[in-house]
There are 2 protein chains.
Amino acid sequence: MPATLRDVAERAQVSMRTVSNVVSGYAHVSERMRTRVLAAIEELDYRPNPVARTLRTGRTGMLALVVPEIDVPYFSELARDVIDAAAEVGYRVMIDQTGHDHERERQLLTGEDRTMLFDGLLFSPLVTKSELLAMHGSMRMPLILLGEHEFDGRYDHVAIDNVAAARDAVNHLIAIGRTRIAAIGSQPLEEYATPLQRSAGYETALAAAGLERRPDYVTTAAHYSRSDGYAAARALLELPTPPDAIFCFSDLLAIGAMRAVFDAGLRVPEDIAVIGIDDVEEGRFSRPTLSTISLDTPFIARESVRRIIARIEDPTLPATEIVAPHRLLVRESTRPIVGEG
Amino acid sequence: MPATLRDVAERAQVSMRTVSNVVSGYAHVSERMRTRVLAAIEELDYRPNPVARTLRTGRTGMLALVVPEIDVPYFSELARDVIDAAAEVGYRVMIDQTGHDHERERQLLTGEDRTMLFDGLLFSPLVTKSELLAMHGSMRMPLILLGEHEFDGRYDHVAIDNVAAARDAVNHLIAIGRTRIAAIGSQPLEEYATPLQRSAGYETALAAAGLERRPDYVTTAAHYSRSDGYAAARALLELPTPPDAIFCFSDLLAIGAMRAVFDAGLRVPEDIAVIGIDDVEEGRFSRPTLSTISLDTPFIARESVRRIIARIEDPTLPATEIVAPHRLLVRESTRPIVGEG
DNA sequence: TTGTAAGCGTTATCAG
DNA sequence: CTGATAACGCTTACAA
């Protein structure tokens, strides 16, 4: 049976109040009392019960990070930074994955799930914006949206400018002389914000360069996985006029796409240049190394944590939109070929 | 102000007990009462407070998974499976990373950390066994050790047979005709169980094949990262007699090692065969694809969750050792070359 | 500076 | 089957 505050108080012959003061590091405790209490704590091997404290204070000291899949490198790298950023301000992070399951997202968002032992929610959603609004309606759990750029003033957002990021990637492909630029990553059925924005950036860049937008060059990928990238690229390579460059909406798609190019007996970047988005570490060691749009994950993590904590402390705060920086990283997969072009 | 059980009881003109019964799905409630209570819940938009429930029942419904780094693919893939396995039995997972920080491990293990809102700990440790024993001593938090094979009857273990796994990997290299087999992954200073066991397996295999054990072929890697693998392989390639095969203690090390081989102008597997351990998805898309020892992560996740929950329910349970299966996966990085050897 | 006591919102005991 | 009431272990007015 673990010792309680009361046990310690009895042992030390002081009141619970004094013990509590010592434990919580309250300033005004006499040295004599403090040592006496500390001794009793030691003897009884007392540990405060965090649940009781939480019930009293209303704070769990825990944040929830909800992502589609934690084993997707972008999300695990984000999680790493979020956990670190949270730890720095005394918070722990619970991670949940929705596995592309809308129902799971809904439960979390509506608070229908009964086991919500956390103070705030960092949410990287699949759902579209309007659905989201409807869901979270009656909930008072502080919420920050990650990676959704469509800001409407109702929720805090932390995300890059997806349109600009996509445009930068495609512009780079144009700059190295590619003209038949395909895209992998638009969503098959549903209308998610991020892929729509990246598609928009892709089209903007093509239009600005006077390049034709070929519908057969725009391929879908349900899960931004390596195998989806592989399948999509394979389809592109079988077109009568295959592309000479592929812009992938994620690095994982790009990794898969590159593999498809090799399996078709072609080279990256000589035959087909490939670029992704995310800048996951895998792309820094792939062969060839992967050009990408780097998202400042530590920034995203730090700002989301800062923001969610501000909101926990003051729920009436107006919603803000934080745009995280991104930048183009040119690596081997789009390196201009010496003696070509 | 959120509605409480008491509010609902007043609204529905019943006792708190009855409301609680309805909320918790207790069997013996009359239909009339139930609908009346349900209506009140609906009207007040009542949600049970999980913290209060937890204080009363003593169960948080949360497990902690502690890993060195969540963005290491093996751990994020393990986390994925643990989260899923836990969800299946109604548990959530809090993730913490120790970042190779012994002090952080100690805090978690000793329960010194005050914010332990979880019922059990799944721990993938850096610390050696004896340190561990000393630390966890006074704690009553249920604990399962992941990936440490040295079973001593004091803690539940779930792990593969590291010695056999390493042996299998090296035997495969021997089987394809390699004789100068190097290893990457022993630890520089400290004596961790896993690398020691994998080193032992490596040496056993060499000895059984009558191959010389060359000390300069055994290189250290502090963090099992891609860059450590790169650095270690680079050093091996600069030896007067470079190896013709490298056994890496993790896939990430192997990915880095392969990159170093290419950068040196050599080929995998023609000049140097490379094999890892873990079977992370990255190795299924790398170029060449990576031979490896596959650990049954879903099995490890499932069994650890099953075991920790059993222990939560009955802390007196004797400690058990669960050995997870592993198997060799031969891919391109060790494929025998046609027309060679 | 320290003690007393009232909750925090549940669940569980004990009657009825 | 339902009602009143005592915990669960802690924090914090309010007193002293």
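Each chain gets a letter, A, B and so on, in the order its sequence line appears, and its residues count up from 1.
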Just to be sure I understand the rule, does V14(B) reach a base, reach only the sugar-phosphate, or reach nothing, if contact means heavy atoms closer than 4.0 Å? sugar-phosphate
Which donor-acceptor pairs under 3.5 Å do the side chains of residues 79-86 of chain B make with protein atoms, sequence neighbours left out?
residue: R80(B); atom: NH1; partner: D71(A); partner atom: OD2; Å: 2.7
residue: D84(B); atom: OD1; partner: Q97(A); partner atom: NE2; Å: 3.3

Sugar-phosphate or base contact per nucleotide [nucleotides 10-16 of chain D; S, B, -; heavy atom under 4.0 Å]: BBBBB--
Filter on ring pair (Phe, Tyr, Trp, His ring centres under 6.0 Å), then keep only pairs touching residues 45-101 of chain A, sequence neighbours left out; what's left? H100(A)-H223(A)
What is the distance from CG of D119(B) to P of dC8(D), rounded to the nearest Å? 19 Å
Got a second to check how far R47(B)'s CZ is from M141(A)'s CE, nearest 0.5 Å? 10.0 Å
T18(A) side chain near dG3(C) phosphate (N/O to OP1/OP2, under 4.0 Å): yes
Would you kindly give the CG-to-P distance between L55(B) and dT10(C), to the nearest whole Å? 12 Å
What integer distance in Å separates Q13(A):CD from dT2(C):P? 15 Å
Which nucleotide in the set dT2(C), dG9(C), dC1(D) lies at the smallest distance from any side-chain heavy atom of S30(A)? dT2(C)
Ignoring hydrogens and angles, tell me if any N or O in the side chain of T110(B) forms a donor-acceptor pair with the backbone of R106(B) under 3.5 Å. yes
To the nearest angstrom, the CE-C1' distance between M116(A) and dT10(C) comes to 16 Å
Distance in angstrom units between R59(B) CZ and dT10(C) C1', rounded: 16 Å
Integer-rounded Å distance: dG9(C) P and I41(B) CD1: 16 Å
Let me see the working for R17(A) and N21(A) under side-chain hydrogen bond (donor to acceptor under 3.5 Å, both in side chains), right down to the final yes or no. CA-CA 6 Å; R17(A) 168 66 202 251; N21(A) 280 345; 3.2 Å; yes
Please determine if D119(B) and R59(B) form a salt bridge, counting it only when a charged side-chain N lies under 4.0 Å from a carboxylate O. no
